[in-house]
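Keep in mind that the numbers below use all heavy atoms, side chains included, and drop hydrogens, waters and symmetry copies. Counting starts at 1 for both ligands and their atoms, in listed order.
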Amino acid sequence: MSLYIILMGVQGAGKGEQARVIQETYGIPQVSTGDLFRAMKTRTDPLAQKIQQIMAEGKLIDDDTTNAVVEDRLGQDDAKNGVIFDGFPRTPAQAAWLDQYLEKRGAHVNAVLLLELDFYTAFKRSFGRVKSDATGKTYNIYFNDDGITEWKFVDHPQNEYPPRLRAVESTGGVLSRRPDDANAHAILKRIDTFRELTAPLITYYEQKRPGLLVRIDADQSIETVSAAVKAAIDARN
Ligand code: AP5
Ligand code: MG
């Protein structure tokens, strides 16, 4: 039987962290539209370039492009028994598209897990996130700095760009920020976009089927949130 899980939550709520944990437990892959779009950054065609610019500003990619990218991913072999959606759907049009896509295949969304987090903490989770380009490991200067030997904000001498975060892993590797995390305006824009376009999906899924949407307090340790996520998936209807 197939399993389709949606992880929903404001930027920094921990969708990526939790998706990585769930995919190991349930043997279905994480489908992160953000990761899929970021993977296009080496492409030089106009669409891929435009997508990188829209993301850096913290705005959403249009629904048709997003749905097409998801459709392509869902058609891959490892996705045939289901997936964990991380950051999709994010608009009512994307949710409607997904329902229709799954219905045609005799499947449906099994659980929508809403990771609830206040916007102040969400801002810090994004602003403080750094990643190793070499290993892909993620840290956070505010919440998860075990393994970071030093970090500091560095000003440009003529203030030509906002202060940059320099962080170094204990192995000596340089840690970098996503462009949309390095820009405070882009983080605020993403939070606003969540409130305006994605939050209406909470009511959409609550009304779709009782118990489909489960609220989880994301302001707890990663392990505690994982336990709540697993309990919600196991109790799915
Ligand atoms: P996307 O990549 O999805 O970014 P996002 O939604 O802004 O979410 P984040 O990845 O920032 O947060 P997260 O919830 O995954 O948090 P994480 O686990 O990393 O999207 C980027 C862009 O792509 C969008 O702005 C848009 O342009 C485009 N896009 C993507 N999907 C789209 C769609 N469907 N439609 C249109 N456009 C789309 O955790 C954050 C930090 O907190 C980490 O440092 C982590 O270590 C830490 N942390 C996590 N959990 C905890 C915890 N419990 N305690 C302490 N620290 C924690
Ligand atoms: Mg993420």
Side-chain angles (χ1 to χ4, degrees), residues 6-22 30-41 50-71 73 84-95 97-98 113-119 121-132 136-148 151 165 167 175-183 185-199 201 216-229:
I6 294 175
L7 280 176
M8 198 188 288
V10 69
Q11 292 47 55
K15 303 182 293 292
E17 289 283 351
Q18 296 305 329
R20 281 186 282 279
V21 176
I22 311 171
Q30 167 190 21
V31 171
S32 158
T33 34
D35 287 349
L36 291 171
F37 289 137
R38 270 186 291 279
M40 294 180 190
K41 75 176 172 207
K50 192 172 150 217
I51 285 174
Q52 300 311 309
Q53 189 199 329
I54 294 171
M55 287 176 78
E57 291 168 8
K59 297 176 187 162
L60 291 188
I61 313 302
D62 69 273
D63 290 330
D64 288 346
T65 303
T66 305
N67 294 342
V69 164
V70 172
E71 182 165 14
R73 180 66 187 87
I84 306 144
F85 291 106
D86 162 2
F88 180 88
R90 264 186 223 229
T91 65
Q94 292 177 13
W97 177 87
L98 180 62
L113 310 180
L114 175 63
L115 300 180
E116 294 190 295
L117 189 68
D118 67 276
F119 296 144
T121 309
F123 182 94
K124 286 180 74 177
R125 291 241 192 118
S126 290
F127 197 68
R129 174 173 44 191
V130 283
K131 187 176 167 185
S132 159
K137 192 167 164 41
T138 305
Y139 302 91
N140 196 295
I141 60 164
Y142 301 116
F143 303 104
N144 172 21
D145 64 355
D146 220 17
I148 305 181
W151 62 267
L165 176 58
L175 300 166
S176 60
R177 286 202 286 186
R178 279 172 28 184
D180 56 343
D181 285 343
N183 176 343
H185 290 292
I187 299 177
L188 294 175
K189 177 75 193 164
R190 280 149 66 201
I191 292 174
D192 275 350
T193 304
F194 174 82
R195 293 170 59 197
E196 284 166 30
L197 298 175
T198 309
L201 295 186
I216 293 172
D217 178 5
D219 195 7
Q220 309 180 81
S221 72
I222 292 175
E223 296 71 30
T224 308
V225 176
S226 296
V229 161

Atom 12 (O) of ligand 1 [closest protein heavy-atom partner, distance rounded to 0.1 Å]: Gly12 N, 2.8 Å

Contacting atoms of ligand 1, where contact means under 4.0 angstrom from a heavy atom of Arg38: 2 (O), 21 (C)

Subset of ligand 1 atoms that lie under 4.0 Å from at least one heavy atom of Ala218: 53 (N)

Inter-residue atom distance Met8.CE - Glu116.CD, 0.5 Å rounding: 11.0 Å

Is there a polar contact between ligand 1 and Lys59, counting only N or O atoms under 3.5 Å apart? yes

With heavy atoms under 4.0 Å as the rule, classify the contact between Arg178 and ligand 1 as side chain, backbone, both or neither. side chain

Got a sec, which residues hit side-chain hydrogen bond (donor to acceptor under 3.5 Å, both in side chains) with Arg73, two or more places apart in sequence or on another chain? Gln76, Asp78

Output the list of atoms in ligand 1 that are nearer than 4.0 Å to some heavy atom of Phe143, sorted by atom number. 55 (C), 56 (N)

Measure Ser221 to ligand 1 on non-hydrogen atoms and call it side chain, backbone, both or neither using the 4.0 Å cut-off. backbone

Heavy atom to atom 1 (P) of ligand 1, shortest distance: which of Arg190, Met8, Arg90, Gln220 holds it? Arg90

Identity and separation of the nearest protein heavy atom to atom 35 (N) of ligand 1: Gln94 NE2, 2.9 Å

Val10 pairs by side-chain contact (heavy atoms from CB on, under 4.5 Å) with which of Leu114, Leu117, Leu115? Leu117

Pairs of nitrogen or oxygen atoms closer than 3.5 Å, one from Gly87 and one from ligand 1: do any exist? yes

So if I count the atoms of ligand 1 from 1 in the order they appear, which ones are less than 4.0 Å from some heavy atom of Gly34? 1 (P), 2 (O), 20 (O), 23 (O), 30 (C), 31 (N)

Can you confirm whether Asp146 is buried at CG, in the sense that more than 12 heavy atoms of other residues, nucleotides or ligands lie under 6.0 Å from that atom? no

One finds that the ligand 1 atoms under 4.0 Å from a non-hydrogen atom of Tyr139 are 44 (O)

Is it the case that ligand 1 has an N or O less than 3.5 angstrom from some N or O of Phe37? no

If you have a sec, work out which protein heavy atom is nearest atom 37 (N) of ligand 1 and how many Å separate them, to one decimal? Ile61 N, 3.0 Å

Could you tell me whether Arg90 sits above the aromatic face of Phe194, with NZ or CZ closer than 6.0 angstrom to the six-membered ring centre and within 45 degrees of the axis? no

Do any nitrogen or oxygen atoms of Asp181 come within less than 3.5 Å of a nitrogen or oxygen of ligand 1? no

Just need the protein heavy atom nearest to atom 18 (O) of ligand 1, so name the residue and atom and give the distance. Glu17 N, 2.9 Å

Lys50 with Asp62: basic N within carboxylate O range, under 4.0 Å: no

Can you tell which part of Ser32 has a heavy atom less than 4.0 Å from ligand 1: side chain, backbone, both or neither? neither

I want to know if ligand 1 touches Gly58 in the polar sense, i.e. an N/O pair below 3.5 angstrom. no

Which residue owns the protein heavy atom closest to atom 9 (P) of ligand 1, what's the atom, and how far is it? Arg129 NH1, 3.5 Å

Is Met55 in polar range of ligand 1, meaning some N or O pair under 3.5 Å apart? no

Identity and distance of the protein heavy atom lying nearest atom 15 (O) of ligand 1: Gly16 N, 3.0 Å

Quick one: nearest non-hydrogen protein atom to atom 48 (N) of ligand 1, plus distance? Arg125 CD, 3.6 Å

Residue list, side-chain hydrogen bond (donor to acceptor under 3.5 Å, both in side chains) with Arg38, at least two apart or on another chain: Asp35

Check Asp192 with Lys189, please: is the shortest side-chain N to carboxylate O separation under 4.0 Å? no

Counting non-hydrogen protein atoms only, what is the nearest one to atom 39 (O) of ligand 1? Give residue, atom name and distance. Gly14 CA, 3.9 Å

Relative to the heavy atoms of Thr66, which atoms of ligand 1 are at a distance of less than 4.0 Å? 33 (C), 34 (N), 35 (N), 36 (C)

